[in-house]
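Labels below follow one simple rule: chain letters A, B, ... track the order of the sequence lines, proteins then strands, and each chain is numbered from 1. As the structure is a computational prediction, the values presented were derived from the model and not from experiment.
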2 protein chains.
Amino acid sequence: MAPDGSHHGYHHGNLRDAVVAGAVEAIGRSGVVALSLREVARAAGVSHTAPAHHFGDKTGVLTAVAAQGYSLLADALAAPSVRSLVDAGVAYVEFAVAHPAHFDVMFRRELLRWDDADLLREGQRARQALRAALADGGPVDEAAAWSVVHGFATLWLTGAIPDDGTDLGDDPAVAARRVLESRFG
Amino acid sequence: MAPDGSHHGYHHGNLRDAVVAGAVEAIGRSGVVALSLREVARAAGVSHTAPAHHFGDKTGVLTAVAAQGYSLLADALAAPSVRSLVDAGVAYVEFAVAHPAHFDVMFRRELLRWDDADLLREGQRARQALRAALADGGPVDEAAAWSVVHGFATLWLTGAIPDDGTDLGDDPAVAARRVLESRFG
DNA sequence: GTTGAAATCTTTGCAGTGGCTAGATTGCCG
DNA sequence: CGGCAATCTAGCCACTGCAAAGATTTCAAC
């Protein structure tokens with residue numbers, strides 16, 4: 001890396017972060033299906049094989065994206081402002097809406113490499129944070145709470161919920177809180 | 001088409017259904033991301049351009065799959081055995097588990113052509129059936145019920161719910177009924 | 001410093017893909 | 001029987017992911 005922080009020639013210096021960020025951006029723009037490693041490479045200013053070389057293959061890149069997503073989710077759920085089950089649910093929805101590309105990749109198991117150390121670690125961290133925030137009762141309550149927030153986030157992201165005439169406003173966090181309080185308040 | 005029902009040469013006879021069925025099979029085996037029209041064409045015994053030619057392009061094929069999915073869902077929700085909100089929720093989950101490829105494509109908006117007549121019609125039919133079955137109260141209750149079943153189905157399909165130690169058994173319909181009755185019984 | 005090895009990134013080549021254009025084959029209806 | 005539209009095919013192009021081999025830089029040992 002040059003003294004001014006730029007990069008040129010060999011040894012990009014921060015190729016890993018650049019590729020992950022580029023992939024997240026591209027996925028957010030056109031979806032996972034249309035993701036092209038060569039396009040990401042062009043945006044990052046590296047050769048077209050650099051991403052696959054660094055992460056093994058395309059699955060490796062998506063695994064890194066998912067691991068970063070689980071890390072962000074774990075942090076969001078463990079924030080001090082989260083003080084109740086409803087708070088945790090709202091935080092879950094807010095995470096999904098703020099990071100749709102991560103959220104999409106995280107739950108597409110066939111695209112990920114689940115023997116990856118980072119993904120396993122961050123995934124478990126998020127799982128524990130979620131369980132700690134949601135588990136008031138038994139496994140049924142936990143499944144119910146997780147299902148509501150996950151389903152609400154998914155339906156909101158696809159545009160299914162706000163578009164069908166149900167008057168829930170345009171703020172997903174507010175709408176999610178209303179929904180959660182109606183059943184878990 | 002030959003008298004014995006086989007097909008050869010030009011004029012397959014039922015290319016549309018063959019392609020849709022082949023696409024559903026391929027998606028169920030390897031996911032939407034890995035779907036290849038050429039692979040589907042080979043399985044159907046037609047030329048590699050036949051699917052795209054008949055449906056316009058790849059999006060057209062996926063749109064046909066989604067339309068078929070909404071049709072199946074609408075039928076499932078309108079079945080006479082569905083007599084309560086909980087029944088409808090269980091039917092929703094059963095549909096998702098029985099037709100995972102359809103379910104996946106149906107809610108990936110960026111892969112579909114929403115100006116397609118079939119998709120619009122079947123989509124609205126499913127939406128109305130769902131609303132009729134779920135709407136006991138206001139929009140908040142409807143969003144809550146839909147979110148639970150959709151989230152539960154999604155999490156079950158990705159393997160997130162039965163794998164995390166929550167003892168809900170191995171039958172998604174039974175587990176879904178327990179979850180639904182805990183909040184909507 | 002010099003040097004050798006390891007880490008990092010690039011170049012090249014290949015099989016596979018989606019979509020476009022033009023062409024071949026068939027059923028149909030007068 | 002003849003033409004015509006519908007249906008499917010063939011060939012082509014740009015693009016993709018990946019493997020193998022090469023080029024460049026860093027870095028530690030001496």
Side-chain angles (χ1 to χ4, degrees), chain A residues 1-23 25-27 29-65 105 108 110-113 116, chain B residues 1-23 25-27 29-65 105 108 110-113 116:
Chain A
M1 180 125 57
D4 62 350
S6 71
H7 51 78
H8 46 70
Y10 284 74
H11 290 72
H12 176 281
N14 203 8
L15 190 146
R16 182 184 172 91
D17 291 351
V19 166
V20 170
E25 196 273 334
I27 294 171
R29 195 154 29 82
S30 335
V32 216
V33 178
L35 177 66
S36 153
L37 291 188
R38 287 168 113 108
E39 178 193 350
V40 170
R42 282 191 290 269
V46 293
S47 80
H48 59 264
T49 52
H53 180 270
H54 195 88
F55 291 93
D57 58 352
K58 195 174 186 176
T59 299
V61 175
L62 294 176
T63 299
V65 170
V105 173
R108 302 197 69 81
E110 81 272 13
L111 300 180
L112 305 180
R113 181 185 280 286
D116 181 84
Chain B
M1 177 121 57
D4 62 350
S6 70
H7 51 80
H8 45 71
Y10 283 73
H11 289 72
H12 177 281
N14 202 7
L15 191 144
R16 182 186 171 90
D17 291 352
V19 167
V20 170
E25 196 274 333
I27 294 171
R29 195 155 29 79
S30 333
V32 219
V33 178
L35 177 66
S36 155
L37 290 189
R38 289 169 113 104
E39 176 193 353
V40 170
R42 281 191 292 268
V46 293
S47 78
H48 60 267
T49 51
H53 180 269
H54 195 87
F55 291 94
D57 57 354
K58 194 173 188 177
T59 299
V61 176
L62 294 177
T63 299
V65 170
V105 173
R108 310 206 109 253
E110 80 272 14
L111 300 180
L112 306 179
R113 286 171 50 95
D116 180 84

Gap between atoms [atom1] and [atom2], on [X] and [N] respectively (whole Å):
X: B:Glu39; N: C:dG18; atom1: CD; atom2: C1'; result: 14 Å
X: B:Asn14; N: D:dC8; atom1: CG; atom2: P; result: 9 Å
X: A:Arg16; N: C:dC9; atom1: CZ; atom2: P; result: 12 Å
X: A:Phe55; N: D:dC18; atom1: CZ; atom2: P; result: 13 Å
X: A:Leu37; N: C:dT10; atom1: CG; atom2: P; result: 14 Å
X: A:Lys58; N: C:dG16; atom1: NZ; atom2: P; result: 17 Å

Q. Does the side chain to side chain contact (heavy atoms under 4.5 Å, CB included) test come out yes or no for A:Leu62 and A:Leu35, once each step is laid out?
A. CA-CA 10 Å; A:Leu62 294 176; A:Leu35 177 66; 3.7 Å; yes
Q: Answer yes or no: is there a donor N or O on one side and an acceptor on the other, between the side chain of A:Thr63 and the main chain of A:Arg113, under 3.5 Å?
A: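 Confirmed, A:Thr63 side chain pairs with A:Arg113 backbone.
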Q: Would you classify A:Ser36 as touching base, sugar-phosphate or nothing, given that sugar-phosphate means primed atoms plus P, OP1 and OP2, and contacts are heavy atoms under 4.0 Å?
A: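 The answer is sugar-phosphate, as A:Ser36 gets under 4.0 Å only of primed atoms, P, OP1 or OP2.
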Q: State which of C:dT11, C:dC9, D:dC8 makes the closest approach to the side chain of B:Leu15.
A: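 The answer is D:dC8, which lies nearest to the side chain.
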Q.
Below the 4.0 Å mark, does D:dT16 have OP1 or OP2 next to a side-chain nitrogen or oxygen of A:Arg42?
A.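 So the side chain of A:Arg42 is within the cut-off, an N or O lying under 4.0 Å from OP1 or OP2 of D:dT16.
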Q: Would you please confirm or rule out a distance under 4.0 Å between OP1 or OP2 of D:dC8 and any side-chain N or O of B:His54?
A: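 Checking B:His54 against D:dC8: at least one side-chain N or O falls below 4.0 Å of OP1 or OP2.
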Q) Taking atom CZ of A:Arg42 and atom CG of A:Leu37, what is their separation to the nearest 0.5 Å? A)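 A:Arg42 CZ to A:Leu37 CG: 10.5 Å, rounded to 0.5 Å.
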Q) Within a strict 4.5 Å, meaning less than it, do heavy atoms of the B:Leu111 and B:Val105 side chains meet? A)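 Side-chain contact under 4.5 Å: no.
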Q | Earlier contact from the 5' end, DNA chain C, for A:His53 and A:His48 | A |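 This one resolves to A:His53.
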Q.
Between D:dG17 and A:Arg38, counting only base atoms on the nucleotide and side-chain atoms on the residue, is there a donor-acceptor pair under 3.5 Å?
A.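 It does, because a donor-acceptor pair links the side chain of A:Arg38 to the base of D:dG17 below 3.5 Å.
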